[in-house]
Structure formats: structure tokens, C-alpha cells
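Since the structure comes first, as C-alpha cells, the remarks are kept for the end.
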Amino acid sequence: LAEGLVRQGTAKALQDVPVGQFGKLRTVDRADIEGFCSSGNLMREYLDSPHAAQPFSIAVLGYPGSGKSFSVEEVARSLGHDHHIRSESFNLSQFRSPEDLVHAIHVVRDMILKAQVTLVFFDEFDSAFEGELGWLKYFLAPMQDGVFRDGETLLRIGKCIFVFAGGT
């Protein structure tokens, strides 16, 4: 197949092969096609729901440089022109305290208030903080209840997609 792509070009080499096209992402792997379709359908259902109270959360795992963020962005962008997707990325390995996370969620909340569908990448979510997978406890309330605490104030996050990207 790879030789055919080089010698004949994409259209001819893939004419008898199922191809999954998600924005700029193209794959011929059946498992990838099914996984991307399922993820896209879940995102579309979430975005179309007027009653979504907490962020939609997914995890993507893979080696650095394997295309995790690109894949998720392209699947989200392929949902249609009525979903204007804006993405923001935070690297948890660079965070030093839970206050850094509170600041990040404020940034996300500001984006949501501008009526934009927000795709939020939390890269290196599996990095150590107060122990192995230490950041996880700080995401439980935002993921499950759609709220976060800033000092004594409990704030609602709004409709967005949390993407937890890691290598383990």
C-alpha cells in the first residue's frame, strides 16, 4: 500500500480501500476509523445537547509526537460548520500548584462565555504531582459536576470538551 501511494498517488492507490476522512486527518486503519467515528458521534451528541451541565471528557494516550492533539482537533472540526471549535492547551507538567489549574480553567471559562465551543487539552495529565496521577483529584469536580473552586467561590465551567493527553 505504501509503495502504491508513492508510485500511483493517493486517489488511485486507495480506490479499493476504506478511507476515514476527518478534516485534514485521513486514515485507512479500520480500528482508527471506527474509533474516530465513535468519538465524533459522542462529541456531536454532547455539543447538540442543550442540557449538558459538565464538560465532555476524553483521554487520548500515545507516544509524544504520535498526533494525539491533531487527531482530536480534526475529529472535532469535522463535526460540521455549525460547531465553531476553538482549542486551548495546557501542559500539566509545567504547573506547580493547583492555583495554576484554577487560572487555566478561568481562561477556559472566558472562552466559553464568548459562545465558542472550547476544546481544552491537558497535556501530560499523567505527570506526577503529589504522587502518581496526582492531578486527577483536582479534575474530579470539574469533570463530574462541571464546577471548580476558586478560594471560597464555586464556579460553573460551562460546555466544553476536556481532552486529557498522556503517554502512559
Side-chain angles (χ1 to χ4, degrees), residues 1-95 104-105 107-127 132-133 135-136 139-140 142-144 146 157-168:
L1 181 61
E3 182 181 340
L5 286 170
V6 172
R7 292 182 185 267
Q8 302 166 351
T10 306
K12 185 165 177 135
L14 298 178
Q15 68 186 6
D16 297 324
V17 177
V19 177
Q21 182 80 38
F22 306 91
K24 296 176 185 173
L25 173 67
R26 185 181 304 176
T27 181
V28 296
D29 183 272
R30 188 170 300 275
D32 285 347
I33 294 170
E34 291 173 3
F36 291 141
C37 283
S38 295
S39 299
N41 288 337
L42 289 170
M43 282 189 235
R44 181 180 288 110
E45 186 177 309
Y46 169 78
L47 293 172
D48 290 343
S49 170
H51 306 294
Q54 69 273 0
F56 177 77
S57 299
I58 61 173
V60 291
L61 306 172
Y63 294 106
S66 62
K68 297 179 296 287
S69 297
F70 175 76
S71 298
V72 173
E73 282 185 349
E74 291 307 306
V75 169
R77 291 184 199 290
S78 73
L79 297 178
H81 60 85
D82 53 343
H83 297 297
H84 301 286
I85 307 290
R86 181 167 176 206
S87 64
E88 186 67 51
S89 188
F90 302 99
N91 189 322
L92 293 180
S93 69
Q94 297 176 351
F95 285 11
I105 293 178
V107 170
V108 170
R109 199 163 172 261
D110 290 345
M111 291 170 63
I112 294 167
L113 291 173
K114 294 177 184 172
Q116 296 173 332
V117 176
T118 305
L119 191 62
V120 186
F121 289 91
F122 292 104
D123 287 327
E124 309 298 332
F125 83 95
D126 50 355
S127 61
E132 193 172 331
L133 298 177
W135 283 109
L136 186 57
F139 283 103
L140 291 178
M143 288 189 319
Q144 293 176 345
I157 296 171
K159 187 183 278 193
C160 63
I161 300 171
F162 281 175
V163 181
F164 296 94
T168 59

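Scope of the values below: all heavy atoms of this structure, side chains included, with no hydrogens, waters or symmetry mates.
Across every non-hydrogen atom of K68 and A165, the tightest pair is CE-CB, 4.2 Å. Taking all atoms of both residues into account, the shortest heavy-atom contact from C160 to V108 is SG-CG1, 4.2 Å. For the pair I33 and P18, the tightest heavy-atom approach, listed with the atom from each and the gap, is CD1-O, 3.8 Å. Nearest heavy-atom pair, M43 versus V75, reported as atom, atom and distance to 0.1 Å: CE-CG1, 3.9 Å.
E124 is linked by a side chain to side chain donor-acceptor pair (under 3.5 Å) to nothing, counting only residues two or more places apart in sequence or in another chain. Looking at residues two or more places apart in sequence or on another chain, you find a side-chain contact (heavy atoms from CB on, under 4.5 Å) between Q8 and K12, A13. Residues passing the side chain to side chain donor-acceptor pair (under 3.5 Å) test with N91 are S93, sequence neighbours excluded. Residues meeting the side-chain contact (heavy atoms from CB on, under 4.5 Å) test with A52, sequence neighbours left out: Y46, S49, K159. Applying the side-chain contact (heavy atoms from CB on, under 4.5 Å) rule to L42 yields the partners F56; only residues at least two apart in sequence or on another chain are considered. The side chain to side chain donor-acceptor pair (under 3.5 Å) test applied to E3 returns R7, not counting sequence neighbours. Listed by chain and residue number, E73 satisfy the side chain to side chain donor-acceptor pair (under 3.5 Å) test with S87 (two or more places apart in sequence, or in another chain).
Screening residues 52-66 for side-chain hydrogen bond (donor to acceptor under 3.5 Å, both in side chains) gives no qualifying pairs among residues at least two apart or on separate chains. Counting only residues at least two apart or on different chains, the ring-ring contact (aromatic ring centres under 6.0 Å, His included) pairs with a member in residues 2-30 are F22-F36. Sorted by first and then second residue, the side-chain hydrogen bond (donor to acceptor under 3.5 Å, both in side chains) pairs involving residues 20-31 (not counting sequence neighbours) are Q21-R26.
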Between S69 and D123, is a side chain to side chain contact (heavy atoms under 4.5 Å, CB included) present by the stated rule, with each step listed? CA-CA 9 Å; S69 297; D123 287 327; 4.0 Å; yes
Determine whether L61 and F125 satisfy the following criterion, side chain to side chain contact (heavy atoms under 4.5 Å, CB included), listing intermediate values before the conclusion. CA-CA 10 Å; L61 306 172; F125 83 95; 4.0 Å; yes
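Side-chain atoms of T118 and P55, non-hydrogen and from C-beta on, never get closer than 4.5 Å to each other. Counting heavy atoms from C-beta on, the side chains of R44 and L47 never come closer than 4.5 Å. Residues F139 and F164 form a side-chain contact, since some pair of their non-hydrogen atoms from C-beta on lies under 4.5 Å apart. Looking only at side-chain heavy atoms (C-beta outward), I105 and P142 come within less than 4.5 Å of each other.
The CG atom of L136 lies 11.0 Å from the CG atom of L92; values are rounded to the nearest 0.5 Å. In this structure, CH2 on W135 lies 13.5 Å from CG on L140, to the nearest 0.5 angstrom. Between atom CZ of residue F122 and atom CZ of residue F162 there is a gap of 4.5 Å, rounded to the nearest 0.5 Å. How far CE of M111 is from CD of E88: 5.0 Å, rounded to the nearest 0.5 Å.
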